[in-house]
Each structure stands twice: as C-alpha cells, then as structure tokens.
Amino acid sequence: MAIHWEDRSQEPEPTVNPTAGPHENPYLIGVGRADCTGPPGDVPLMGYANLEQTAAGIHTRLFSRAFIVDNGSKRVVFVTADIGMVSQRLRLEVLKELEVKYGNLYRQDNVILSGTHTHSGLGGYFQYTLFMITSKGYIKPSIKAIVNGIVKSIEIAHRNIKPGRIYMSKGELEESNLNRSPHSYLNNPAEERNKYKSNTDKQVTLLKFTDLDGDGLGMLSWFAVHAVSMNYTNQMVSSDNMGYASYLLEQEKNIGFLPGEGPFVAAFASSNLGDASPNIRGPFCANTGLPCDYLNSSCPIGGLKMCVALGPAGSDMFNNTKIIGENIFKRAKDLYGKARQEVRGPLHAAHQWVNMTDVTVQLNSTHTVRNLHSKPNLWTCKTTQGAKPKSVSQVTKNGDPFWDGIRDALLGAPSNETQDCHQPKPILFSTGEMTWPLPWHPISTTGTFSNAEVVVAGLCNIYTHYITTYEEYQIQRYEGASTIYGPHTLSAYIQKFRGLAKAIAEVRTTYCTLPKGPEPPFFKDSQLFSLLPAAAVDKKPINTTFGEVLEQVDPEYTVGDVASVTFVAGNPRHSGDMVRDKTFVTVEKYHNSTASWDVVHTDASWETRFHWLKNGAESNATIEWHIPLSAQAGSYRIRHFGHYKQRKGFLETVIMAYEGVSDVFRVSKITYYY
C-alpha cells in the first residue's frame with residue numbers, strides 16, 4: 001500500500017512562526033492513542049519464536065497511535081502499534097470493526113496499520129500455521145486487545161479531527177543502529193554501496209502536526225532499528241526502545257498527565273529495519289568476551305549459543321532500551337523543533353492485494369524471471385538478537401541432515417521445482433506447499449510526484465518476513481534465509497510499488513482502474529487452534545487473602561533506590577479486557593494540604609515494573625518502583641489491582657476483583673555533606 005502527500009514548498013525557511021503567511025487550504029488532522037496491551041500472563045511474546053518466553057508482567061504498557069489526514073476529498077489513516085508486526089488476520093479484524101462503526105469511510109485502500117516490531121508484545125494474533133505454532137496458536141484475548149486498541153485509537157483521532165498543518169523534517173542519527181549482517185551487505189555491488197555513507201540507514205524522517213495556531217497535535221517519525229533492546233530472556237510486556245522514545249516525548253508534551261494520557265501523540269514507527277540492530281557493540285562470545293566469528297556468528301567454545309549481541313550498556317537490557325530510546329527521542333525532539341518545511345497539496349492512496357507466488361519480474365528490457373511461482377519457504381537460522389534452533393548456523397547452503405530428516409518424515413520433502421526456485425537456499429520448511437491444518441504462510445488467491453520524500457513504513461498490513469537484495473540473498477544469512485519468495489523478491493516488490501506509484505500519479509486508484517487483486521482468506525474461528533490452556537482457578541497460601549502483602553516495603557527510601565512489595569495475586573489473564581486503559585499498579589503520593597492520595601505512576605510508567613510470579617495455581621505480584629531522581633520528598637504507597645478466578649458450585653467459576661496496598665513509606669532527597 002502507498003500513500004502520497006505532495007510537498008510543493010520550496011520557499012526559504014521562515015524566520016517567524018511557521019504558520020504565518022498565505023497558505024493553501026489546510027488539512028483536517030486527527031490524532032489518537034489507546035491501550036493495546038492485552039493479558040500479561042502466560043501468553044507467548046511475539047518476535048523471538050521462543051515458546052518459553054511467555055508474558056509474566058509489565059515493563060511498559062503497549063499503545064496504538066493513529067493519525068488521520070483529510071484534504072477535503074480524500075482521507076488516509078496511518079496507525080503504528082506497539083506490537084511485533086501486523087498480521088493479515090489482525091488487519092482484516094480491524095477493517096471489519098471499522099466498517100461496522102463507519103461504513104465505507106475507513107477501508108482497506110486508505111488504512112495502513114504498522115507495528116513497531118517490539119519483540120516483547122503478546123503473540124497469538126496470526127491465522128497461518130507457522131505463526132500459530134510459534135505462539136501457542138490463535139489466542140482470542142490477545143488479538144481482541146490489539147484490535148480494540150487500534151480501533152479505539154482511530155475513534156479518538158476521528159473524534160478529534162480539526163484543521164491543521166503538516167511540516168516535515170529529517171536528519172541523521174548516529175550510534176543507535178548497527179548492520180547485523182555486514183558480510184551480506186558487502187556482497188552488494190560496489191557502485192550501489194558507494195551511494196551511501198554507511199551500511200545502515202541513519203535517516204530519521206519526521207512529520208509534525210499542528211493546529212492552525214501552530215500548537216502541536218502530534219508527531220510521527222520513522223527510523224530503521226529493531227525494537228529488540230529487551231532481549232529474549234525478558235518476560236515482561238514492553239514497548240522497547242521505540243516505545244520509550246514515545247513515552248519521553250509524550251510526557252514532555254503532556255505536562256501533568258500520566259503515561260498514555262494527554263492530547264499530544266508521539267509515534268515512532270518502524271522503517272526499513274531488516275538488518276538494523278540496536279545492539280551497537282556487536283556480537284561477542286558470552287564466555288570469553290571476544291568477538292564472534294564474522295561469517296557464522298559463532299564462538300570457538302560454545303558455538304552458536306554463546307554468541308550474543310550487546311547494546312550500548314552491555315548485557316543490561318533495561319539500560320540498553322533506555323539509551324537507544326533516549327537517542328531516538330532527542331533526535332526527534334530536535335527535528336520537531338526545526339520542522340519548517342510545510343507539506344501541502346493533494347492526498348492520494350493506493351492499495352492492491354498481490355499473489356506473490358505468481359509474479360513475473362521484469363529484470364531489464366529483455367529479461368524476465370518468474371521464479372516466484374514457487375511457494376514461500378524458510379530456512380531457520382540463528383541471529384545474534386534471539387534464540388533460534390541451536391544446531392543451525394547463520395550461513396548455510398547445504399541444509400542439515402538432522403532437521404531435513406525430521407522434516408521429510410513429518411511434513412514431506414520440498415518439490416524439485418521449489419528447490420530450484422529458491423537456490424541457493426536450502427529449504428527446511430516448504431511452508432508454501434504445506435496446507436495442514438491451515439496454510440503455513442499467506443500465499444495465493446485465498447497527478448505527478450514533485451519533490452517527493454520517500455518513506456518506507458515497515459511491518460505494515462501483513463507480515464512476509466524479510467526482503468533482501470538479490471546479492472544478499474546469495475549469502476543466506478538470517479535475512480536472506482527469511483526472504484520467503486526467492487532471490488528476486490525485492491525486484492517483485494519494487495515492480496508492484498512502481499505500479500501503485502503510477503496509479504497515484506495518474507489518479508487511478510479506484511477499483512475499476514487499479515485491479516483489487518485476489519482477496520486473502522478469512523478463516524473461521526473453528527478452523528483455528530489454540531495450544532494455550534484456559535487459566536486455572538487461582539489458589540492462595542493458607543490463611544491469606546488475594547491482595548495481601550507477603551513482603552512489605554521498607555519504611556524509608558532515597559531517590560535512586562528501588563521500592564519493592566510482593567502481594568498474593570491472581571492470574572493477570574483473569575483481568576482480561578477489564579484493565580484496558582486501567583492499571584495493575586499505582587504509586588501514590590500523600591498530600592497533607594488535601595489529606596488525599598494522588599497517583600504519580602501506573603504500570604505504563606517507565607519507573608514501575610510489575611512482575612507476575614507463578615507457582616502452580618498460586619501466584620505472586622512483585623511491584624518495583626525505581627524511584628527517579630526527580631521524585632519529590634514525601635510519603636508514598638504502592639497499590640496493586642487484579643482479578644482471581646474461584647469456584648462457585650461444582651462446575652461454575654466466577655471472576656472476582658481484588659486490590660492490595662503497601663505500608664506508607666518515606667522518600668527523601670539525597671543529602672550531601674561537605
């Protein structure tokens with residue numbers, strides 16, 4: 001899908017208020033934000049494909065951020081959500097809900113949904129077998145929370161539409177991303193590589209939205225970096241580095257509001273982040289501290305499992321997230337303040353469904369190739385960012401007898417046609433030829449530009465793994481091995497986007513002039529499966545109640561300390577959608593003048609951590625408050641909210657709410673003695 005704002009401003013940068021002077025008719029602009037966290041217990045996190053990495057609390061909440069732009073005749077919606085990626089099923093569910101609420105106002109041809117690519121959001125929202133296996137199936141509470149959050153963010157943006165202006169700014173950001181596959185990149189032609197200063201895209205592109213008085217409504221930016229500062233050992237839901245950048249800018253703009261509240265919406269969306277890692281110190285051997293093998297990302301002792309990538313703070317994933325997020329925030333804040341180039345003119349959008357298994361690619365004026373007619377395929381490798389099968393090397397062109405034998409016995413060998421199509425990739429799973437119990441991958445049928453600034457918005461509308469150049473595909477590191485439509489995938493995408501761009505330029509975006517393409521399937525719920533058992537009835541220690549304190553806070557803390565309290569808890573899954581836009585945690589300060597408690601932090605705050613600790617049918621909730629240096633001296637308390645399931649009669653169960661509160665404790669500022 002492509003959208004186009006036409007930038008017609010070439011005048012010098014103004015030295016006064018950017019809204020001063022004559023303008024064309026303004027756009028109508030709406031911004032909105034809503035919670036899309038979901039149940040932070042038991043559900044697998046999406047990104048590392050590690051079934052043992054299940055949610056067990058909240059580091060930061062997840063939000064969907066929506067931007068609506070209307071020029072009086074056309075309207076587009078761009079949404080970026082704190083999730084791993086947008087699945088086809090998720091998009092179809094959102095479009096269904098929007099149709100119920102708004103008729104044909106918001107449609108598949110003017111709604112773009114994007115994911116930030118955090119690997120610490122909930123999984124379970126795909127309808128294809130491969131993704132269901134790696135996230136314990138199709139999990140309704142998970143997808144429901146995401147759909148509801150996205151739709152609500154669009155509702156808020158729709159409700160808040162007002163006349164306004166859009167300004168663009170761009171600049172580079174250093175020391176915040178690293179090419180994790182430089183060996184593959186070097187296989188690109190020298191004349192191509194010489195066009196760029198770096199082997200990683202450093203550009204930040206930013207749109208500033210204001211009302212007609214110049215007051216800020218929101219900001220939308222794109223930067224190429226994986227949201228994987230929180231590594232595969234993390235079990236708390238987290239928006240990662242991009243979410244922290246949003247948190248910082250929104251807190252600065254929405255003074256007096258708690259996180260996730262306030263009118264200003266700051267979105268940091270994913271871009272061309274395929275090989276861009278935030279682990280800027282690169283891969284090292286955990287047991288020796290020496291760099292990993294350049295080609296295979298392995299270690300002399302310990303092999304693949306010992307090779308891990310380190311962020312700017314080494315192995316401290318929380319500080320890594322903080323540093324990278326702050327870098328992105330600071331650059332965006334600077335660009336936001338400097339944004340003077342106004343975006344004006346027509347607004348267009350084009351959308352088309354494409355069967356990527358049946359594309360003829362025009363390589364040049366005399367040669368075409370149709371090797372995409374084979375089905376999508378994967379060879380699963382290990383990256384230095386996560387846990388993958390440990391017997392599979394980063395670079396491999398010969399397959400592996402052990403994995404190939406299991407594949408052939410259980411699923412069947414790939415066809416000769418498919419193997420020829422994907423050379424030099426050895427095929428582990430011929431996912432495009434596998435249809436039981438459901439397809440394993442999404443496949444088959446089921447004006448002019450002037451002064452254009454092209455932005456690649458990543459992970460939009462559907463997830464199709466990676467897209468490498470033809471040359472990088474030949475190396476078959478992780479990115480090439482995960483390019484599922486073969487070596488000419490990039491050329492096919494470019495060809496299709498060229499067609500969309502032409503349709504926009506010629507204002508041919510209606511279905512009668514731009515073919516709609518084959519509609520994707522929408523599988524019935526009865527066809528989908530879940531491997532996540534229902535949450536059991538909650539139990540508690542003898543002579544305790546839910547919400548009772550097991551480990552109490554200390555009576556006094558100093559800023560910079562960590563206040564901690566542990567409660568008897570229920571399974572967070574029992575809270576379901578009841579805690580959307582609410583919280584499991586509050587930190588409250590006592591005000592003597594009013595004799596009342598004010599909430600200063602929730603579980604959406606960076607400063608709090610909600611750890612859910614499960615022990616059979618019993619569980620505890622440990623709440624940490626990492627007291628910031630900016631905290632005021634005074635009296636505080638920590639509260640925990642949740643739900644538990646209990647039996648009512650022989651077969652019936654009921655969900656009950658509970659809450660707990662810590663003792664009051666004092667926080668003081670650091671006193672220095674000279």
Side-chain angles (χ1 to χ4, degrees), residues 1-5 25-36 38 62-83 86-115 125 127 140 143-164 166 207 209 211 217-218 220 260 263-265 267 269 346-353 457 460-462 500 503-504 507 509-514 516-517 519-522 525 577 580-581:
M1 183 171 180
I3 61 173
H4 172 226
W5 285 293
N25 291 333
Y27 294 114
L28 296 175
I29 299 170
V31 301
R33 175 188 53 250
D35 187 342
C36 63
L62 311 180
F63 292 96
S64 171
R65 295 172 173 89
F67 299 81
I68 298 175
V69 179
D70 189 315
N71 70 345
S73 60
K74 287 187 172 61
R75 176 173 293 198
V76 295
V77 182
F78 185 90
V79 175
T80 175
D82 293 328
I83 58 176
V86 174
S87 73
Q88 189 179 83
R89 178 62 176 233
L90 175 61
R91 184 167 186 256
L92 294 174
E93 294 276 10
V94 168
L95 290 172
K96 278 178 57 181
E97 292 295 317
L98 292 175
E99 184 179 17
V100 170
K101 293 178 179 292
Y102 300 105
N104 68 347
L105 180 60
Y106 299 116
R107 313 169 302 275
Q108 64 184 23
D109 63 314
N110 70 349
V111 174
I112 297 181
L113 307 181
S114 176
Y125 56 92
Q127 67 173 5
K140 287 186 179 180
I143 191 169
K144 179 183 178 183
I146 302 172
V147 170
N148 289 347
I150 291 174
V151 171
K152 184 173 180 180
S153 69
I154 295 174
E155 287 178 351
I156 295 171
H158 176 90
R159 192 165 62 239
N160 292 336
I161 281 181
K162 63 179 67 174
I166 305 174
L207 294 178
F209 301 89
D211 62 19
L217 300 174
L220 173 60
F264 189 92
V265 176
L347 178 68
H348 298 291
H351 173 276
Q352 189 177 52
W353 297 109
C460 291
N461 294 347
I462 188 173
L500 292 179
I504 287 176
V507 198
T509 58
T510 60
Y511 291 148
C512 60
T513 55
L514 180 67
K516 186 177 181 180
E519 286 276 358
F522 187 91
D525 285 357
D577 210 37
R580 186 164 61 90
D581 298 323

Which atom names give the shortest non-hydrogen contact between [X] and [Y], and what distance separates them?
X: I68; Y: H158; answer: CD1-N, 3.5 Å
X: L514; Y: H351; answer: CD2-O, 3.6 Å
X: V86; Y: C460; answer: CB-C, 4.5 Å
X: D109; Y: A349; answer: O-CB, 3.4 Å
X: P26; Y: G164; answer: CB-O, 3.4 Å
X: A157; Y: A66; answer: CB-O, 4.0 Å

Point-to-point distance, once rounded to the nearest 0.5 Å, from [atom1] of [X] to [atom2] of [Y]:
X: D70; Y: Y27; atom1: CG; atom2: OH; result: 10.5 Å
X: L92; Y: E519; atom1: CG; atom2: CD; result: 8.0 Å
X: I504; Y: H348; atom1: CD1; atom2: NE2; result: 7.5 Å
X: I146; Y: L113; atom1: CD1; atom2: CG; result: 11.0 Å
X: K74; Y: L347; atom1: NZ; atom2: CG; result: 8.0 Å

My understanding is that only residues two or more places apart in sequence, or in another chain, count here; which of them pass salt bridge (charged side-chain N to carboxylate O under 4.0 Å, His left out) with K144?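 Partners of K144 by the salt bridge (charged side-chain N to carboxylate O under 4.0 Å, His left out) criterion come out as none, since no residue qualifies.
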
[X] side chain near [Y] side chain, heavy-atom distance below 4.5 Å:
X: L95; Y: R107; result: no
X: C36; Y: K152; result: no
X: I112; Y: V77; result: no
X: W353; Y: P520; result: yes
X: L217; Y: F264; result: no
X: R75; Y: V111; result: no
X: Y102; Y: E155; result: yes
X: R33; Y: S153; result: no

Show the numbers, then the answer: is there a side-chain contact (heavy atoms from CB on, under 4.5 Å) between Q108 and E99? CA-CA 10 Å; Q108 64 184 23; E99 184 179 17; over 6 Å; no

Are the side chain of N160 and the backbone of I29 linked by a donor-acceptor contact shorter than 3.5 Å?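 Judged by distance alone, no pair lies under 3.5 Å.
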
With sequence neighbours left out, what residues match I143 under side chain to side chain contact (heavy atoms under 4.5 Å, CB included)?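 With sequence neighbours excluded, I143 shows a side chain to side chain contact (heavy atoms under 4.5 Å, CB included) to R89, L90, E93, Y125, Y138, V147, given in chain and number order.
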
With sequence neighbours excluded, tell me which residues meet ring-ring contact (aromatic ring centres under 6.0 Å, His included) with F67.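 Here the qualifying residues are F209.
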
Please walk me through it: do Q88 and Q127 pass side-chain contact (heavy atoms from CB on, under 4.5 Å)? CA-CA 8 Å; Q88 189 179 83; Q127 67 173 5; 3.4 Å; yes

R65/D82 salt bridge by N-O under 4.0 Å criterion: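 Yes, charged N to carboxylate O under 4.0 Å.
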
Does K140 pair with D525 as a salt bridge, N-O distance under 4.0 Å?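 The answer is yes: the pair qualifies as a salt bridge.
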
